[in-house]
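In this chain, numbering begins with 1 at the start of the sequence shown.
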Amino acid sequence: MQYFKAPQKEALFVMNELLDFEKHYADLGFTDATPDMVEAIFSEAAKFAENVLAPINANGDEEGCKWEDGDVTTPAGFKEAYKQYVDGGWTGMTHPEELGGQNLPYSLGSVMAEWFSSANHSWAMYPGLSQGCIETLKEHGTAEQQKMFLNNLIGGHWTGTMCLTEPHCGSDLGMLKCKAVKNEDGSYGLTGTKIFISAGEHDMSENIVHIVIARLPDAPSGTKGISLFVVPKFHAGPEGEKLDRNGVSCGSIEHKMGIKGSATCVINFDDAKGYLVGTENRGLNCMFTFMNTARIGTGLEGLSASEAAFQGALAYAKDRLQFRAMTGVKNPDGPADPIINHPDVRRMLLTQKAFAEGNRALAVYAMKLVDISQANQDEGAKQLAESKLALLTPIVKAFLTETAQETTSYGMQVFGGHGFITEWGMEQLARDTRICTMYEGTTGIQAVDLLARKVIGSNGKLLTIFTNEVKEYCKSIRDKSQFNAWSNSIDTHVDEWHQITEDIMLRAAKNPAELGAASVDYLMYSGYVVVGYFWLRMAVVAQQKLDEGTSEPEFYQAKLHTTKFYFDRLLTRSRSLVSAMESGADNLMNMEEEQFNIV
């Protein structure tokens, strides 16, 4: 990445002006997370992202990771950057003080995780994977397991991974073959191979703690027979001491399209000693703690790429001279005008801006729900937050990463031919971000999760809980006539969202393939509507600030302009999505397999 500035102002706008995080943190008892403290932390995080991570990003892509005899060496500067990260106390920010953390809210750490990923996607994956490992052990680990692992993980001396996929099965975890056999001392011996393990082996930490799914000898078939284990690279003593080597090794690393500075490993378990997390054959339930955290984190990776691509493209468009503007000369002292004056360049830049800022509002809202689910003592408020989060998690993961494919592509396109070469960083962004729609469950899997499991599986309850909030908000601003067109549009889309759901359910009752056929279009439709809701809210806040006589009118005017662009040019994409959903499954399923390959 050749150009990146942490979007502190944008994050603070969403947190403070849109979502009232000052009250949010106070209500949850995060007394240290005052506005001044948050800004101070953000300032230091921005320096780390801009001055430490961004400068080693291109080098990380060019050099990549190196594997030799089971050991993995990360690119130059990665290990040193991680030491700075640990020394700065970043690893334990959001974890309890009694475990060596700082007891700050999840959302605070996640906002900064976006910036770290924008600056250096590959590097950010190493500490990012540890967070899911920590959360899994905090929620499901025994007191003994927490004592063995958590202090070192939270302190950053050890890092964590998630080991799910095997060579013969991708997302179909019910097919896994990795086996676990109980030892006399109550531990388990794990044997098998896992692939695509991010941060599975590297030289940045003293030990690596793997969260692994495996099958016991007498386990039921399918997903009902999955158990969860914690398996360290080096054995751990009861107080977290690093002991001798366990039966865990890295067989190779993948040669990939992108994120080359992130080690994607084949991990072999050879009677490796592990410990059962949770109860036997209930591992997938525990694993969802890790997976849901990882899915939101992957959505943030998509957001981070959109922001980075926008920043790079915007800087270039202001500087690059090509042709004269259609509306008249803008640069009379030069041979041509900056390309930001050309309508199609504006289309691409505004699309990037609308997705980056709208998606950030959705992501931070989801983080707020996570805070409530983790820290609120009111069971009713906690349950409401968890219901909304259940619906929104697949949307955050898939919509933010799918739209990142468009924004990073536009990053290259704005640069023209220069976007295709490495020195500007745009093609690296596109390559690095391509994985985000695939790992932690592909877009298709997120879409089925949303439509079949979350919406239909709850008989529409989860959808109604969230859309009630949207409709109440639209109702609350009826007196603001300048927003009626946008508010009515969101209100109408919400009604259509429910109607589409009912229509799909009726068709699926006759033909189950209708669910799969409609699911991705359904998810994207949902994403456009949800982000539209947040753009409406941002526009209302922006107008209030302008009415109050803000000292920064350009910032808030830009919010209003971008809202109009979103409603006029992006939300309107919902029409084609509805048409595709209504077309049904026949146009996908009626062609015979043999007809696909007639030559």
Side-chain angles (χ1 to χ4, degrees), residues 70 129-130 132-153 158-197 200-201 207-251 265-291 294:
L129 266 295
S130 295
C133 179
I134 292 167
E135 292 300 333
T136 301
L137 290 172
K138 277 167 57 179
E139 185 166 340
H140 303 291
T142 65
E144 292 78 13
Q145 291 167 0
Q146 292 173 356
K147 200 170 184 180
M148 290 172 73
F149 300 110
L150 280 182
N151 276 20
N152 280 312
L153 284 166
W158 297 359
T159 55
T161 78
M162 173 171 61
C163 296
L164 280 73
T165 306
E166 299 181 9
H168 58 282
C169 65
S171 299
D172 188 354
L173 300 179
M175 295 172 62
L176 74 89
K177 294 180 180 178
C178 183
K179 66 179 182 179
V181 178
K182 195 168 186 177
N183 299 320
E184 290 184 3
D185 63 358
S187 67
Y188 292 78
L190 274 76
T191 302
T193 296
K194 300 288 184 177
I195 63 170
F196 302 156
I197 308 306
E201 177 61 34
N207 199 2
I208 301 172
V209 180
H210 302 284
I211 299 293
V212 188
I213 56 172
R215 192 180 299 282
L216 295 167
D218 57 350
S221 61
T223 57
K224 293 181 179 180
I226 294 176
S227 297
L228 189 66
F229 302 86
V230 54
V231 186
K233 173 182 172 182
F234 289 92
H235 293 294
E239 300 295 326
E241 312 95 314
K242 177 187 168 186
L243 303 177
D244 58 324
R245 183 69 182 255
N246 199 359
V248 180
S249 62
C250 177
C265 304
V266 173
I267 299 294
N268 296 317
F269 298 94
D270 184 12
D271 195 26
K273 187 174 185 177
Y275 306 90
L276 181 70
V277 178
T279 58
E280 292 185 357
N281 303 325
R282 299 286 292 171
L284 205 55
N285 302 71
C286 299
M287 198 71 199
F288 271 112
T289 299
F290 200 144
M291 291 170 68

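- Of the possible polar contacts, one joining the Lys194 side chain to the Leu164 backbone as a donor-acceptor pair under 3.5 Å is found.
- The two atoms that bring Leu243 and Ala236 nearest to each other are CD1-C, 3.8 Å, heavy atoms only.
- Side-chain contact between Val212 and Ile267 is absent, with no heavy atoms from C-beta onward closer than 4.5 Å.
- The backbone N or O of Pro220 lies less than 3.5 Å from no partner atom in the side chain of Asn281, so there is not a single donor-acceptor pair.
- Rounding to the nearest 0.5 angstrom, the gap separating the NE2 atom in His210 from the CE atom in Met162 is 13.0 Å.
- When side chains are defined from C-beta on, Lys273 counts as touching Asp185, because their heavy atoms get closer than 4.5 Å.
- Contact detail for Val181 and Pro217: the closest heavy-atom pair is CG2-CG, 4.3 Å.
- Distance check: Leu153 CG to Met148 CE gives 11.5 Å after rounding to the nearest 0.5 Å.
- Residues Phe149 and Tyr275 form a side-chain contact, since some pair of their non-hydrogen atoms from C-beta on lies under 4.5 Å apart.
- Listed for the Glu166 side chain is a donor-acceptor partner under 3.5 Å among the backbone atoms of Cys178.
- In this structure, Lys179 places its NZ atom where only 12 or fewer heavy-atom neighbours from other residues, nucleotides or ligands lie under 6.0 Å away.
- Side chain of Glu144 to backbone of Thr142: no donor-acceptor contact under 3.5 angstrom is found.
- The neighbour count for Lys147 NZ, taken as heavy atoms of other residues, nucleotides or ligands under 6.0 Å away, does not exceed 12.
- Across all their heavy atoms, His140 and Val277 have their closest contact at CB-CG1, 3.7 Å.
- Looking at every heavy atom in both residues, Thr279 comes nearest to Leu276 through C-CD2, 4.2 Å.
- Between the side chains of Asp271 and Thr191, no donor N or O sits under 3.5 Å from an acceptor N or O.
- Not a single donor-acceptor pair under 3.5 Å links the side chain of Glu139 to the backbone N or O of Cys286.
- When every heavy atom of Cys250 is checked against every heavy atom of Glu201, the shortest pair comes out as CB-CB, 3.7 Å.
- Leu228 CG to Leu284 CG: the interatomic distance, rounded to the nearest 0.5 Å, is 9.0 Å.
- A donor-acceptor contact shorter than 3.5 Å links the side chain of Arg215 to the backbone of Gly222.
- Of the possible donor and acceptor atoms, none in the side chain of Asn152 sits under 3.5 Å from a partner among the backbone N and O of Trp158.
- Of all the heavy atoms in Pro232 and Asn207, the pair that sits closest is CB-ND2, 4.1 Å.
- Between the Ser130 side chain and the Gly160 main chain, a donor and an acceptor come within less than 3.5 Å of each other.
- Between the OG1 atom of Thr193 and the NZ atom of Lys177 there is a distance of 11.0 Å, given to the nearest 0.5 Å.
- Atom CG of Leu129 and atom CD1 of Ile211 lie 11.0 Å apart (nearest 0.5 Å).
- If you take SG on Cys163 and CG on Leu176, they are separated by 12.0 Å, rounding to the nearest 0.5 Å.
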